[in-house]
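Single-structure report; data block below.
Positions are given from 1, in the same order as the sequence printed here. Remember, predicted model here, so these are calculated numbers, not experimental data. We count ligands from 1, going down the list as the structure has it; atoms in each ligand are counted the same way.
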Amino acid sequence: MSESTDTQELASLTTSLRRHLQRRERVGIRFLPKGDLPRETTTVSSDANLMAGTEGNLFSDSSAVYEAKTLEELRAAIGDCRRCKLWSGRTHLVFGVGNPKAKLMFVGEGPGRDEDLQGEPFVGRAGQLLTDIITKGMGLRREDVYIANVVKCRPPENRNPEPDEVASCEPFLKKQIDLVKPAIIVALGKFAVQTLLQSKVPITRLRGQWHSYHGIKLMPTLHPAYLLRNPADKKLVWDDIKKVMKELSGESA
Ligand code: URA
């Protein structure tokens with residue numbers, strides 16, 4: 001290979017790396033991922049400033065995300081998002097739905113096919129089961145709670161979101177939680193639980209116990225899609241949901 005080809009290749013690699021780091025910076029990420037280092041703790045800082053570390057600067061679009069005062073402003077700041085590769089396969093960016101002042105927030109993994117087509121979280125078969133848990137189980141309406149996902153765009157073939165996709169989208173979920181200020185979060189399934197608690201502990205060990213997400217009570221439970229495949233485990237989710245209802249009745253007392 002000639003020296004000029006080497007130089008061109010190096011220049012092109014440098015440009016790609018610079019663009020990649022700029023894209024990460026635009027969503028407020030200024031560190032390199034620590035990879036898959038296991039973390040033992042299941043209490044995420046009680047630091048009230050949930051958005052700490054995601055502040056933008058004057059030159060990055062993360063400042064609009066950071067400064068959003070309402071969910072509408074946050075949605076506008078996210079815009080026609082192309083911060084990670086999932087944008088290219090989406091029909092709709094699935095932001096979140098429900099009461100902007102909900103006491104109870106559900107967090108899932110990411111949109112599936114139905115959610116991608118309709119632009120609303122949990123509207124497919126797993127969504128129907130979640131709706132039943134909320135309405136028939138808890139006696140609430142879907143509009144009473146807030147529902148969001150870790151990633152806002154559908155991963156191809158419903159694969160798990162990849163670390164760079166989560167890293168790009170996580171500031172939006174954090175900001176949604178910061179704006180809604182729920183008293184309780186129910187994290188649905190391994191992915192939401194492990195992302196919010198920054199933990200590699202299996203969901204089977206985390207579920208059913210209260211954890212803390214920046215001082216907000218967090219109850220991990222099994223994902224409704226898992227329950228469709230393993231209906232016998234519905235009773236475990238019902239146990240978890242009863243704990244949530246007990247805590248909620250204390251919140252409104
Ligand atoms: N599964 C999820 O985790 N989220 C949805 O919105 C739908 C299915």
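Hydrophobic clustering (side-chain heavy atoms under 4.5 Å, transitive across Ile, Leu, Val, Met, Phe, Trp, Tyr) keeps Val94 apart from Leu129.
A salt bridge links Arg82 to Asp80: one of the charged nitrogens lies within less than 4.0 Å of a carboxylate oxygen. The pair Lys190-Glu109 does not count as a salt bridge, with every side-chain nitrogen at least 4.0 angstrom from each carboxylate oxygen. A salt bridge between Asp116 and Arg113 is absent, with no side-chain N of the basic residue lying under 4.0 Å from a carboxylate O of the acidic one. A salt bridge does not link Lys175 to Glu73: none of the charged nitrogens lies less than 4.0 Å from a carboxylate oxygen.
The protein residues lying under 4.0 angstrom from ligand 1, judged by non-hydrogen atoms, are Gly108, Glu109, Gly110, Glu115, Pro121, Phe122, Asn149, His223.
Under the 6.0 Å distance and 45° angle rule, Lys152 does not count as a cation-pi partner of Phe172.
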